[in-house]
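Chain letters run A, B, ... following the sequence lines, proteins first, then strands; residues in each count from 1.
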Amino acid sequence: MDRYNPQEIEKKWQKIWEKDQTFRAAEDSKDLPKDKKTPKVFLAEMFPYPSGAGLHVGHVRNFTIVDVLARFYKQQQMNVLRPFGYDTFGLPAENYAIKTGISPQSATKTNINNFRKQLKRLGFAIDWSREINTSDPEYYKWTQWCFLQLYKKGLAYRKESYQWWCPVDQTVLANEQVENGHCWRCGTEVEKKKMKQWFFKITDYADELLADIDALDWPDKIKTMQRNWIGRSEGAEISFEVADAGDAASKMIKVFTTRPDTVFGATFLVLAPEHPMVKDLVTDDTREKVDKYRTETLKKSEIERQENKEKTGVFTGSYAINPGTGEQIPIWISDYVLMGYGEGAIMAVPAHDERDFEFAKKFDLPIKKVIEKPESSKDDDECYNGEGKLVNSGHLNGTDTSAARELVVEWLEKQGIGSKKVTYKMRDWLISRQRYWGCPIPIAYDEDGNEYPIPEDQLPVIIPEVEDYKPDNSGRSALAKAKDWLTFEMEVEDKKTGKKVKKTLTRETDTLDGYACSSWYLWRYVSAHCKDAAWDKEAIKYWAPTDVYVGADHAVAHLLYIRFWCKFFADQGLLPFREPVKTLLYNGYINAPDGKKMSKSKGNVIDPLDVIDQGYGADTLRTYEMFIGPYDLDAAWDPKSVGGVYRFLNRCWTLCFDKKFEKHDNARIRNATIKKVTEDIHKHNFNTAISAMMEYVNELYKVGATEEDLIILAKLLKPFAPHLASEMLEKLGSDDVWPTWDEKHLVADTVEVVVQVNGKVRAKFEMNKSELSEENVKKRALEDKNVQNFTKNGIKKTIFVEKANLLNLVA
RNA sequence: GGCCGAGUGGCGGAAUUGGUAUACGCGUUCGACUUAAAAUCGAAUGGAGUAAUCCAUACGGGUUCAAGUCCCGUCUCGGCUACCA
């Protein structure tokens, strides 16, 4: 008989699947399954950036998880949608173009072709008819359309904002291009430069994005990260009057606090150095020092500002009035107060806030206790930030801090100087990139700088090819160099007269953040080639939302953005659901055999295609990566263990092709294995599902396998090792319908009873299940010499646990 | 500093959620086959001890008839976050 030859059978089955379009799902409304009884399942991985290096083992792990589920559900006769796509915009292609002059368009095409070929060699059950690519005009036409929908509702807008700027390369840098405060290309320290930027108003959805996290079937880790990212805090906004300010515009300073209950303990105010009111608060005496401090802080890089944990600051020369005590308190500026959060100003309560305490100590400012900590409190720090009863707080003395938080706000509200306020750490999503290789923002400007959206019927705004891909020194992308593209004539409504006029407009040269392109691709999949809409209404109703989404990255960014877009489009009546992903699986990384991250520079990269070509084949690779450990944990590659999995598949082969069928009755282990594998796949315990199959095969080797045993084995194996399993099923003349188990086979006639004395195992014996009772077991147990030995001084208590077949005697 | 997760053989990891700790795989050792090696097949494999038995799930306590699992404290590692008022 032939030996197990993965090369041969894998090629054979890949050809068959391609020819038969085995994994094709119903495309549009006409095509959708009428049969409502067959449930649908929509599975996807986070689509990859197709780099020139091709697939790596991390991709294989990610995609195999999806594939196992897709094949498993398909074998269970469900309607499975398992598409694939490429996230192709981005810096690597652009940098490659700058270096080589090869256009990103063409490099991307080459890379996709390579990726597709490799994916096919892994035997993934992909519906290739709906392959998508974000840099395809057919696709980004609809990304631009999405942008316009947000624009129409005021959720895409422009405002001035600081951007990273490299003074040597004369270009704007994305956050990820800034490494420890330095430009990733030339190593120059980067600066912040104020520029007009596009934003999406994700903050409008902050509350819903937060509230809906609870109900998600997502890993807690991600849920917590998203909650922290949104960073909602409830508190109050309080206005402090500036003393002796007269009728000046800056008479009141607004602060945000989560502890309004401590307002009587506010002994000074601190403003962020950038705070616009600082200039009105300085006096002739302090001006020089304040100006110096402000320039120094602004000059400091973010890194320096973070490094220097010691508090710094200067007194402005002005005072504010504490609304509780009526006392005058000094106003300071310090870089520990951030302009971007709350009001950019705080009331400092040094007795009950550690940062304020530190600041007060350093500059010798008064510290006034307003909370009496409860006697039970073990906290013996000088600064107490817990709960307690108020003291030194006028009419609120004796009130609990929790109640006081409400009362203080009510009291301030009556005086018109305070109100409840909620703030978020999350900011609006900055989406403009001064990059060539991205989706053009469909906006143009007239000579006065007025914005005009490109009408939907004129989409897509195509990316023009250029000669030189370098950004120019104005901070604009290389798109600005495409002169023919840059200016054009369009009929628009004149902003003043309201009449239709033809105007010469200049296009926006910023492109969209790549995350915008990936914020809606899951919906494109349901009708990948739909010509007249981003997604087909009927198809989306049938397939979406995504049932299982698998990835290893983008815990907050991408996974928050798709939730935001989903809620937005649901509000426009374009999506019939408010959360895009039901179950999220977040898989771990695969590290090099030494446990370190794989990297080209370290030379420790394992190429999955090499593993296949070494002779192991795709089935071994897939099965190994599922066996390597729990899917959500990082794992180190172990070349020896790959061999172990290959041996296992080889044993499956031998059992099927090289041995005679036996008549042995293996119903028990067969049914137990079906149950274990089925339940484990449902729970995503892929590693233990494979263990169970190994045990099954070991047993069949010992006692001999019947034809039925082998059919079951092949069916269970198919999601993991589809080529081998298909070959086995072909020989056995069986379909691949997922098997069910019969509980009656799992109940044995006899069971092993365990007898413990004081919790330690002292005897084991077989017993007929029908005779299993406390008395019978105890009687048998006491016949045992060992048990007698340990119970010489009598038995105080007997515990019988039927479900564990266990008797514990307390002696 | 804060929040979260983890710590089980030589290694990757199992353990029905409080009920026989160490499944499965790797490695190692022995044996079979072979002129030999590889491959394959079979057996053994937490530690100590001749043995009965004892000791082992990071460490120290506790709850319980019974703890890897629950509670309290300590240590170590990993992730995220970083003056967010």
C72(B) and A6(B), which share atom name P, separated by this distance in whole Å: 15 Å
To the nearest Å, how far apart are Leu806(A) CG and U16(B) P? 15 Å
Decide, yes or no, whether a salt bridge links [X] with [Y] under the criterion of side-chain N to carboxylate O below 4.0 Å.
X	Y	result
Glu387(A)	Arg405(A)	yes
Glu358(A)	Lys311(A)	yes
Lys640(A)	Asp638(A)	no

At under 4.0 Å between heavy atoms, which parts of nucleotides 1-13 of chain B does protein reach? Answer with one letter per nucleotide, 5' to 3': B base, S sugar-phosphate only, - none. -----------BS
For [N], which nucleotide in any strand shown is its Watson-Crick or wobble partner with both distances under 3.5 Å?
N	result
A85(B)	none
G12(B)	C24(B)
A58(B)	U74(B)

Is the gap between the ring centers of His554(A) and Tyr515(A) under 6.0 Å? yes
Quick check, are the ring centers of Phe268(A) and Phe359(A) under 6.0 angstrom apart? yes
Residue Arg762(A), side-chain atoms from C-beta onward, closest of A14(B), A66(B), U53(B): U53(B)
Of all the choices, A85(B), C24(B), U20(B), which nucleotide is nearest to the side chain of Tyr341(A) once you look at every atom? A85(B)
Just label U63(B) as syn or anti from its O4'-C1'-N9-C4 or O4'-C1'-N1-C2 angle, using within 90° of 0 for syn. anti
Tell me if G60(B) is syn or anti. Syn = glycosidic torsion within 90° of 0, anti otherwise. anti
Within the structure shown, what part of the strands sits under 4.0 Å from Gln756(A) by heavy-atom distance: base, sugar-phosphate, or nothing? base
Just call it for Asn805(A): base, sugar-phosphate, or nothing, with non-hydrogen atoms closer than 4.0 Å on any strand. nothing
Confirm from the modelled atom types if Glu752(A) and U20(B) form a donor-acceptor pair under 3.5 Å, side chain to base only. yes
Nearest 0.5 Å please: distance from the [atom1] atom of [X] over to the [atom2] atom of [Y].
X	Y	atom1	atom2	value
Arg651(A)	Met693(A)	CZ	CE	14.5 Å
Cys383(A)	Glu354(A)	SG	CD	5.0 Å
Glu752(A)	Lys764(A)	CD	NZ	5.0 Å

Report, one pair per line, the protein and nucleotides 37-46 of chain B atoms (nitrogen or oxygen only) whose separation is under 3.5 Å.
unit_1 : atom_1 : unit_2    : atom_2 : d
C41(B) : OP1    : Arg651(A) : NH1    : 2.7

Return the minimal non-hydrogen interatomic distance between Leu717(A) and Ala725(A), and the atom names on each side. C-CB, 4.2 Å
